[in-house]
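A short worksheet on the structure shown next.
Worth saying up front: this structure is predicted, and the values here are computed from it rather than measured. Computed over heavy atoms, backbone and side chain alike; hydrogens, waters and symmetry mates excluded.
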Amino acid sequence: MERRKLGQDLEVSAQGLGCMGMSEFYGVGDDGESIATIHEALDSGVNFLDTADMYGPFKNEELVGRAIKGRRDEVVLATKFGNQRGEDGSFKGINGKPEYVAQACDASLRRLGVDVIDLYYQHRVDRTVPIEETWGAMKLLVDAGKVRHLGISEASSATLERAHAVHPVTALQSEYSLWTRDPEDGVLDTCRRLGVGFVAYSPLGRGFLTSESSNRDGSAEKDYRKNHPRFSGEALEKNLALVAKLEAIAAQKGVTVAQMALAWVLSRGEDVVPIPGTKRRKWLRENIAASSITLSDDDCAALEAAVPRDAVAGERYQASGMTTING
């Protein structure tokens with residue numbers, strides 16, 4: 001697995017592994033298979049693991065902590081704070097208060113079973129707290145040796161610049177795929193001007209851009225996608241038609257839809273690192289193989305023509321979620 005650099009000096013595998021679905025949102029997980037998936041990722045050179053305190057809630061950090069026990073030196077470990085949840089799973093809102101930053105970090109360190117977090121993200125921007133105050137508290141974590149690098153998720157260009165002025169932002173994490181091209185509206189350019197790496201979550205459209213049909217209707221038990229705007233009603237039918245076009249292109253190339261979609265994200269630049277999520281070794285292997293696919297400019301143009309930005313139906317999140325992005 002080749003390496004890419006985030007920010008000035010954080011080297012990670014060109015693909016990371018999103019661990020969220022191992023504990024919540026995408027159906028029922030299997031801890032044994034999830035840990036085996038993490039181990040195989042590390043064995044294959046995928047060293048960049050992504051989690052957050054809200055996943056589970058809290059259970060995903062504990063799971064990742066168990067998986068990397070004894071292998072800490074092989075891992076670039078990223079986690080997040082800011083989407084505050086209760087032990088019962090309730091959502092308490094977005095919290096960027098300085099005192100909460102310190103509390104959340106200590107709790108994550110404990111659950112992960114580590115002394116330091118390699119990349120600590122503000123998961124969502126708290127619009128009630130000046131970003132300078134939140135990032136001032138995050139900078140103190142670096143000064144204390146609890147965190148090595150800082151990141152932010154789903155932030156606007158203006159917020160990114162303000163945070164970067166307090167402490168260098170190593171990575172901005174936002175949704176980016178063939179069917180979510182929002183970062184191309186200025187955020188990617190800002191990242192490149194500031195020297196900030198870009199981490200692409202949901203590079204496979206939450207599983208929609210794959211060959212697994214069950215990923216496209218959220219029919220599995222405890223799968224939140226059944227209520228996702230892009231996975232239901234008329235939007236579902238319109239989006240399935242787009243995937244059919246990708247399937248035809250992938251077939252011509254002799255690869256899977258997922259590999260084609262992931263290769264496209266990888267082609268966006270050496271500063272872009274996708275973190276496809278999976279909880280099964282089968283899909284991990286498929287994703288890793290995408291790194292060996294080279295797309296020409298003509299290939300990329302054909303994919304973008306097959307899935308035009310304005311042809312994707314439905315919002316990225318339900319209404320409540322849409323209020324938390326581009327903060």
task = Verify side-chain hydrogen bond (donor to acceptor under 3.5 Å, both in side chains) between Glu175 and Ser202, making sure each step is shown before the conclusion.
result = CA-CA 6 Å; Glu175 184 177 355; Ser202 293; 4.8 Å; no
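- Within the 4.5 Å cutoff, the side chain of Arg309 has heavy atoms near those of the Asp182 side chain.
- In this structure the side chain of Asp31 never reaches within 4.5 angstrom of the side chain of Met22, judged on heavy atoms.
- Cation-pi contact between Arg206 and Tyr317: present, with separation from the ring centre below 6.0 Å and deviation from the ring axis of at most 45°.
- For the atom pair CZ (Arg193) and CG (Leu160), the distance works out to 8.5 Å, reported to the nearest 0.5 Å.
- Side chains of Phe91 and Asn83 form no contact here, defined as non-hydrogen atoms less than 4.5 Å apart.
- The residue from Glu286, His39, Glu40, Glu33 that alone fulfils the side-chain hydrogen bond (donor to acceptor under 3.5 Å, both in side chains) condition with Arg281 is Glu33.
- The shortest side-chain heavy-atom distance between Asn227 and Ser232 does not fall under the 4.5 Å cut-off.
- No more than 12 heavy atoms of other residues, nucleotides or ligands lie within 6.0 Å of CG in Asp297, so this atom counts as exposed by the packing criterion.
- The aromatic rings of Tyr26 and Tyr224 lie tilted to each other, with the angle between the two planes from 30° to 60°.
- With a 4.5 Å cut-off on side-chain heavy atoms, Val307 and Leu209 do not count as touching.
- Heavy-atom contacts from other residues, nucleotides or ligands closer than 6.0 Å to CG of Asp115 number 12 or fewer.
- Using cut-offs of 30° and 60° on the angle between ring planes, the pair Tyr100 and Phe81 is tilted.
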